[in-house]
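Residue numbers begin at 1 in each chain, while the letters A, B, ... track the order of the sequences. What's counted below: heavy atoms across the whole structure, side chains too, no hydrogens, waters or symmetry copies.
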There are 2 protein chains.
Amino acid sequence: MYKISEAAIRANLPVKTVRYYGDIGLVNPAGRSDSGYRLYTDPDIAKLSFVGRARRYSFSIDQCRELLDLYEDEQRPSSVVKQITLEKIAEIDSRLHELQELRDELQHLAGCCHGDSRPDCPIIGKLSNDGLENGSF
Amino acid sequence: MYKISEAAIRANLPVKTVRYYGDIGLVNPAGRSDSGYRLYTDPDIAKLSFVGRARRYSFSIDQCRELLDLYEDEQRPSSVVKQITLEKIAEIDSRLHELQELRDELQHLAGCCHGDSRPDCPIIGKLSNDGLENGSF
DNA sequence: ATAAACCTTCCTCTAAGTGGAAGGTCAAGG
DNA sequence: CCTTGACCTTCCACTTAGAGGAAGGTTTAT
């Protein structure tokens, strides 16, 4: 039985986060001491680590909740886990695509900008008027 | 002088967003009608459009505030604008890199998973124990 | 006159925590 | 015995960038 700071160290998470995961019912401490301190067991630490790792893999708290349920279910079909993972990959692909386009456009803009002390700047120009007729003021 | 919904249409932003930009002092309406309605001028619309475009380019509200100051400053040096843009590009590159690594790892995991009704799943295994010794429970 | 459409302010909610204040607990040292 | 410091508790506010909705005032059209 570890108090929260020890549990946090072992799970490699901030204390505040561990407390928060208890508050939202994601990972509850096994019990409380007489004085009200949260007490965590090794299985609790494992769950905390699991969530920490899943979070680092950019799974949302809700997805973590699902995964944790699966994690605890000895009968889980691996197809469900795979499904969640594939959805996450698709999400990442879409985000990658967006970011790539954005990056290219900004790169182009920056390349066009002479970057000196003259006040005219193609970046401002582009942001001011994206080919439409409302960019003057 | 346009009322808020007209201004929102012209700036291609939701009404709520236009009101919000006023609340946070980013783009204030030029004035108010006798009955208290916000009234926007063409220059206001141009500023709203500018912010909308910058936001779509993933500049933060604070960066928009900076850009708007530059936008309004006839003496702005383009070097400052270029600097902000280059910082944004670096930020995006870093995020792209992270996402790429994440994607590859999840892809690998998904590829290892047979995805059927058997309960053992390498994804869960990997999340449970990332090479450390606290993954059992 | 009244109904629809529009406007206002104010309040709550989002995700996933972080930061801090006020106060209780515990072990060590003087 | 007392105090100091580290640790713990709960509760509250703050973060991003708005979205959603309630209650009520205004304008426009029929």
Student: Would you kindly give the CZ-to-C1' distance between B:Arg19 and C:dC7, to the nearest whole Å?
Tutor: 7 Å
Student: Taking only side-chain N and O atoms of B:Arg38, does any of them lie within less than 4.0 angstrom of OP1 or OP2 on C:dC7?
Tutor: no
Student: Rounded to whole angstroms, how far apart are CG on A:Asp62 and C1' on C:dT14?
Tutor: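 It is 12 Å, rounded to the nearest whole Å.
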Student: Just by distance, do the side chain of B:Gln63 and the backbone of B:Ser60 share a donor-acceptor pair under 3.5 Å?
Tutor: yes
Student: With a 4.0 Å limit, can you tell me whether B:Tyr21 has a side-chain N or O closer than that to the phosphate oxygens OP1/OP2 of D:dG18?
Tutor: yes
Student: Grab the CZ-P distance between B:Arg65 and D:dA17 for me, whole Å please.
Tutor: 10 Å
Student: Could you tell me how far apart A:Glu6 (CD) and D:dC8 (C1') are, to the nearest whole angstrom?
Tutor: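 Result: 14 Å.
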Student: Are any of A:Ser5's side-chain N or O atoms less than 4.0 Å away from OP1 or OP2 of D:dC8?
Tutor: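 A:Ser5 to D:dC8 OP1/OP2: side-chain N or O found under 4.0 Å.
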Student: Please tell me if B:Thr17 has a side-chain N or O lying less than 4.0 Å from either OP1 or OP2 of D:dA19.
Tutor: yes
Student: Rounded to the nearest Å, what distance is computed from the CG atom of residue B:Asp23 to the P atom of nucleotide C:dT9?
Tutor: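 My rounded result for the distance is 8 Å.
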Student: When you measure from the side chain of A:Ile4, which nucleotide among D:dC8, C:dT18, C:dC10 comes out closest?
Tutor: D:dC8
Student: Rounded off to whole Å, could you give me the CG-to-P distance for the B:Asp34 and C:dC7 pair?
Tutor: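 It is 16 Å, rounded to the nearest whole Å.
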Student: Would you check, one step at a time, whether the test side-chain hydrogen bond (donor to acceptor under 3.5 Å, both in side chains) holds for A:Tyr2 with A:Asp44?
Tutor: CA-CA 10 Å; A:Tyr2 313 102; A:Asp44 294 334; over 6 Å; no
Student: Quick one: is A:Ser33 getting a side-chain N or O under 4.0 Å of the C:dT25 phosphate, OP1 or OP2?
Tutor: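 For C:dT25, neither OP1 nor OP2 has a side-chain N or O of A:Ser33 closer than 4.0 Å.
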Student: Starting at the 5' end of DNA chain D and moving along, which residue's nearest nucleotide shows up first, A:Lys16 or B:Arg55?
Tutor: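 Result of the comparison: A:Lys16.
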Student: On the side chain of B:Tyr37, is there an atom forming a donor-acceptor pair with the base of D:dG25 - under 3.5 Å, no angle test?
Tutor: yes
Student: Among D:dC8, D:dA17, C:dG19, which is the nearest nucleotide to the side chain of A:Lys3?
Tutor: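 It is D:dC8.
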Student: Does B:Thr85 reach the main-chain N or O of B:Val81 with its side chain, forming a donor-acceptor pair under 3.5 Å?
Tutor: yes
Student: Tell me whether A:Arg65 contacts the main-chain N or O of A:Asp69 through its side chain, where contact means a donor paired with an acceptor under 3.5 Å.
Tutor: no
Student: Let's go through A:Leu26 and A:Tyr20 carefully: what are the C-alpha distance in whole Å and the side-chain angles of both, what is the deciding distance for side-chain contact (heavy atoms from CB on, under 4.5 Å) to 0.1 Å, and is it a yes or a no?
Tutor: CA-CA 9 Å; A:Leu26 186 60; A:Tyr20 174 70; over 6 Å; no
Student: Would you indicate, yes or no, if C:dC26 has its OP1 or OP2 atom less than 4.0 angstrom from a side-chain nitrogen or oxygen of A:Ser35?
Tutor: yes
Student: Would you mind reading off the distance between A:Glu91 atom CD and C:dA15 atom P, rounded to a whole angstrom?
Tutor: 13 Å
Student: Please determine, for the side chain of A:Pro14, which listed nucleotide (C:dG17, C:dT18, C:dC7) has the closest atom?
Tutor: C:dT18
Student: B:Tyr20 OH to D:dA19 C1': how many Å, rounded?
Tutor: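 Whole-Å distance recorded here is 11 Å.
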